[in-house]
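Scroll down for the structure; my scribbles are underneath it.
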Amino acid sequence: MSVLPSPSWQVCATCGNEIPETDPHPRCPRPRCGGLLEVHHRPPPQGGHALRATFDARRGVWRGVLASGVWRFREAVLPSVGDDVLTYPEGNTPLLASAPVAQWAGSPGLLLKHEGHNPTGSFKDRGMTVGVTQARRIGARAVSCASTGNTAASLAAYAALAGLPALVLVPKDQVAAGKLAQALAYGARTLLVRGNFDDCLTLAAEASERLGVYLLNSINPFRLEGQKTIVLELLQQLSWDPPDWIVVPAGNLGNTAAFGKALEEARAWGLIDRVPRLAAVQAEGAAPFALSFRSGFTRRDRVTPHTVATAINIGNPVSHDRAARAIRETSGVVTTVGDDDILEAKAVVDRAGIGCEPASAAAVAGVRRLMKEGVIRKADRVVAVLTGHLLKDPGTGGANRPVEIDANLAEVERVMRG
Ligand code: F0G
């Protein structure tokens, strides 16, 4: 065993209580506190320049732990774990330029970080590799989550990789078909709860405590450590020259919180010298965080959510406080977009040959709104995060329809002539 002090530990965001990094409690264990935990790391000793060089040198690695776009940044994720990690691998997602999407959004400098290219088709894999690694580390016998679908799919896959039983709770009739199919195929015990996501999360927390199952919602601070690498990887892809804005769809606010933490650490550790502004985008019908933003975060709002973007159909986001800090500390903004805007943006992204699920399109619609309002300027360099793959939600398509024909060439010609 090492005699060095551990490079990481957990801190309660509410009362400041410090606990070891391998403490298995999902929230602060201090009586009557129950605050959200955060992982803190000692700053890596080598300084920003050398750390960037370390991360960059690993980009050519094809095999093993460092081939992962999460564990490539392991000094910023979970430095003490070494090579004993459960990785698919994940990450290494493309940063795309698309003229039609940039034009529609009115933002010439727009790039798309496509997290739908992860193994289970969403950014959740970045958090789950860390969460399930931590689950094994603390000897968990089973793992669970509540989900609008993507977390369930990811948890189911990573639990299967680890040989751990998985329990997922999803809101009945509010989960896209692709996500449910994944959770079932990977073998998770899947409960369709008669209620919404917020009900599922309450129930999952109660059930995991009662049944002794490790909870892997984004309450879990190790998930957020993995999700930070969306930001680290896009900064690396831009040669550590930060964009002016990072725009992200916001539901339970895990990503918004993780992005804020990533940027704060990247600046403190000397990886970047300027912090991009964060823009969190909610669907109009599920926008409690946007409401709180308008009050200067003096209130914490809750709503009964309703949006076509089922992934972000959330009324009481669990990471509200840490996401508010992320917005404040990056001089960020929170905005909303209507379901019509989301579907229009999705059609543009899809027809550009890129494709994404509805919640992801909210980010692109958000860029357009912020451009129109002059919050983002024409000259700004903007990265919008596409959080999930087109195939997640095959039911929410555009106007293009297949044409049925008999099996002969004349029929093909007839259709092609219009
Ligand atoms: N985009 C997609 C595709 C998502 O699946 C989610 C969240 C978000 C955006 C919002 O991210 O919660 O970090 O603000 N999906 C969760 C789930 C809630 O259960 O799959 P957030």
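Numbering of ligands and ligand atoms starts at 1, following listing order.
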Under 3.5 Å, is there a donor-acceptor pair between the Thr310 and Gln174 side chains?
no
Regarding Gln10 and Asp23, is there a side-chain donor-to-acceptor distance under 3.5 Å anywhere?
no
To which of Leu253, Leu169, Thr256, Asn217 does the heavy atom nearest atom 21 (P) of ligand 1 belong?
Leu253
With distance as the sole test, does [X] use its side chain to make a donor-acceptor pair with the main-chain N or O of [Y] at under 3.5 Å?
{"X": "Arg277", "Y": "Ser331", "answer": "yes"}
{"X": "Thr129", "Y": "Asp125", "answer": "no"}
{"X": "Asn118", "Y": "Glu90", "answer": "no"}
{"X": "Asn313", "Y": "His306", "answer": "yes"}

Nearest-contact summary for [atom] - protein heavy atom, Å:
{"atom": "atom 16 (C) of ligand 1", "answer": "Lys124 NZ, 2.9 Å"}
{"atom": "atom 20 (O) of ligand 1", "answer": "Thr151 N, 2.8 Å"}
{"atom": "atom 11 (O) of ligand 1", "answer": "Phe123 CZ, 3.7 Å"}
{"atom": "atom 18 (C) of ligand 1", "answer": "Thr148 OG1, 3.4 Å"}
{"atom": "atom 2 (C) of ligand 1", "answer": "Thr387 OG1, 3.3 Å"}
{"atom": "atom 4 (C) of ligand 1", "answer": "Ala311 CB, 3.5 Å"}

Under 4.0 Å from any heavy atom of [X], which atoms of ligand 1 are there?
{"X": "Asn150", "answer": "2 (C), 3 (C), 4 (C), 5 (O), 20 (O)"}
{"X": "Ala250", "answer": "14 (O)"}
{"X": "Ile312", "answer": "8 (C), 9 (C), 10 (C)"}
{"X": "Ser147", "answer": "17 (C), 19 (O), 20 (O)"}
{"X": "Gly254", "answer": "13 (O), 14 (O), 21 (P)"}
{"X": "Asn252", "answer": "12 (O), 14 (O), 21 (P)"}

Tyr214 ring center near Phe222 ring center (under 6.0 Å):
no
Can you confirm if the NZ or CZ of Arg368 lies within 45° of the ring axis of Trp104 and under 6.0 Å from the centre of its six-membered ring?
yes
Sub-3.5 Å N/O-N/O distance, Asn255 and ligand 1:
yes
What orientation do Tyr88 and Tyr158 show, parallel under 30°, tilted 30 to 60°, or perpendicular over 60°?
tilted
With under 30° as parallel and over 60° as perpendicular, where do the rings of Trp9 and His40 fit, or are they tilted in between?
tilted
Below a 4.0 angstrom heavy-atom separation, can you tell me which part of [X], side chain or backbone, both or neither, approaches ligand 1?
{"X": "Ala359", "result": "side chain"}
{"X": "Gln227", "result": "neither"}
{"X": "Ile314", "result": "side chain"}

Report the C-alpha separation of Lys392 and Gln182 in whole Å, then their side-chain angles, then the decisive distance to 0.1 Å, and conclude whether the side chain to side chain contact (heavy atoms under 4.5 Å, CB included) test is met.
CA-CA 9 Å; Lys392 288 285 193 173; Gln182 286 178 293; 2.6 Å; yes
